[in-house]
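Below is one structure; the comments refer to it alone.
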Amino acid sequence: MFAITGITGQVGASLAEALRAAGQPFRAVVRDAAKAERFEHSAIAELDDTPALTRAFEGAEAVFILLPPLFDPSPGFPESERTIMSIRDALLAAQPGRVVVLSTIGADAPHENLLSQLGRMEKVLGALPMPVAFLRAGWFMENSQWDVAQARETGTIDSYLVPLDRRIAMVATKDIGRLAAKLLGESWDGVRVVELEGPVRVSPNDIAAALAKALNRDVVVRPVPRETWEPRFREQGMQNPGPRMRMVDGFNEGWIDFGAGSLKGETGLDEVIASLTTRA
């Protein structure tokens with residue numbers, strides 16, 4: 001049996017669907033007892049609760065780790081650091097056969113940014129004595145869900161990514177879940193790094209075109225000037241917007257990217273956007 005964290009999010013749900021389709025039993029590791037009722041096998045554990053997390057991992061053939069996203073961290077990322085160390089200690093105590101960790105494009109970026117939290121996780125969990133695979137995923141196509149309402153109402157979307165015709169590595173969460181399920185069932189020695197992006201790269205203009213197609217109306221992109229980012233983010237309630245800003249800089253300046261060896265998923269942008277506009 002596999003133990004799966006983050007199962008109530010988009011990636012986790014896609015992973016659960018893939019495992020069910022393959023007839024693979026799994027244990028859902030959730031924080032909320034009410035959510036546990038949705039799964040045949042479950043364990044209740046906060047990721048910061050090392051004893052509970054150890055019990056959730058015990059007896060697992062493999063464990064899937066998803067670090068909860070933290071978009072407004074304190075300087076130095078102490079919140080994620082505590083969680084990473086708890087996960088490490090639980091894995092050391094439970095000793096599963098192997099571990100698959102959802103990481104990200106930019107985990108190995110040369111400059112500190114919001115994604116550096118995942119780079120730190122790779123360093124810590126990469127020192128574990130059991131086989132570990134880091135699944136580095138591109139920018140989620142599903143992040144476009146935040147654009148749907150504005151596109152529908154005004155025919156515009158805002159973009160921090162520039163130039164508007166520059167394509168970057170994006171991927172659908174469905175493809176991440178499928179690959180994670182495949183990796184959980186494989187065997188290897190030591191540490192693996194697997195990079196995953198979609199079938200083709202995506203630009204802000206491509207997102208606008210997909211939204212226009214799905215909504216049956218014209219949609220154009222407006223670039224957000226760099227000098228307005230910090231006041232914008234602070235107006236939204238962020239206390240420490242610097243790491244998020246540097247992450248976007250990394251995509252725009254090209255120092256957050258994959259090399260030539262990334263795997264390609266099957267799900268295209270039009271399919272993802274069509275699903276998002278149906279839900280919204």
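Heavy atoms only: backbone and side chains are in, while hydrogens, waters and symmetry mates are out. Along the sequence shown, residues are numbered consecutively beginning with 1.
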Rounded to the nearest 0.5 Å, how far apart are CG of Leu161 and CZ of Arg167?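 With rounding to 0.5 Å, CG (Leu161) is 13.5 Å from CZ (Arg167).
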
Say you draw a straight line from CH2 of Trp255 to CG of Asp108; how long is it, rounded to the nearest 0.5 Å?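 One finds 11.0 Å between CH2 of Trp255 and CG of Asp108.
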
Find out whether [X] and [Y] are in side-chain contact, i.e. whether some heavy atom of one side chain is under 4.5 Å from a heavy atom of the other.
| X | Y | result |
| --- | --- | --- |
| Phe26 | Ile7 | yes |
| Ile84 | Phe77 | no |
| Ser144 | Leu211 | no |

Side-chain ([X]) to main-chain ([Y]) donor-acceptor, under 3.5 angstrom:
| X | Y | answer |
| --- | --- | --- |
| Ser262 | Glu195 | no |
| Thr277 | Ala274 | yes |
| Trp229 | Val224 | yes |

All N/O donor-acceptor pairs, side-chain side in residues 54-65, below 3.5 Å, sequence neighbours left out:
{"residue": "Thr54", "atom": "OG1", "partner": "Thr50", "partner atom": "O", "Å": "2.8"}
{"residue": "Glu61", "atom": "OE2", "partner": "Arg98", "partner atom": "NH2", "Å": "2.7"}

For Asp249, all residues meeting salt bridge (charged side-chain N to carboxylate O under 4.0 Å, His left out), sequence neighbours excluded: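 Residues passing salt bridge (charged side-chain N to carboxylate O under 4.0 Å, His left out) with Asp249: Arg226, Arg246.
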
Classify the side-chain pair Ser86/Asp89 by whether it contains a donor and acceptor separated by less than 3.5 Å.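 No, Asp89 and Ser86 have no side-chain donor paired with an acceptor closer than 3.5 Å.
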
When you check the side-chain N and O atoms of Tyr160 and Arg244, is any donor under 3.5 Å from an acceptor?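 Note: Tyr160 and Arg244 side chains miss the donor-acceptor criterion.
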
Partners of Glu17 by side-chain hydrogen bond (donor to acceptor under 3.5 Å, both in side chains), sequence neighbours excluded?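 Glu17: no side-chain hydrogen bond (donor to acceptor under 3.5 Å, both in side chains) contacts found.
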
Listed by chain and number, what are the side-chain hydrogen bond (donor to acceptor under 3.5 Å, both in side chains) partners of Arg88, not counting sequence neighbours?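 Arg88 satisfies side-chain hydrogen bond (donor to acceptor under 3.5 Å, both in side chains) with no other residue.
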
Side chain to side chain contact (heavy atoms under 4.5 Å, CB included) against Leu70, all qualifying residues, sequence neighbours excluded: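 So Leu70 forms a side chain to side chain contact (heavy atoms under 4.5 Å, CB included) with Pro73, Glu79, Gln117.
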
Review item, side-chain donor-acceptor pairs of residues 118-125, under 3.5 Å, at least two apart:
{"residue": "Arg120", "atom": "NE", "partner": "Glu81", "partner atom": "OE1", "Å": "3.0"}
{"residue": "Arg120", "atom": "NE", "partner": "Glu81", "partner atom": "OE2", "Å": "3.1"}
{"residue": "Arg120", "atom": "NH2", "partner": "Glu81", "partner atom": "OE2", "Å": "2.7"}
{"residue": "Glu122", "atom": "OE1", "partner": "Arg136", "partner atom": "NH2", "Å": "2.7"}
{"residue": "Glu122", "atom": "OE2", "partner": "Ser103", "partner atom": "OG", "Å": "2.6"}
{"residue": "Glu122", "atom": "OE2", "partner": "Arg136", "partner atom": "NE", "Å": "2.9"}

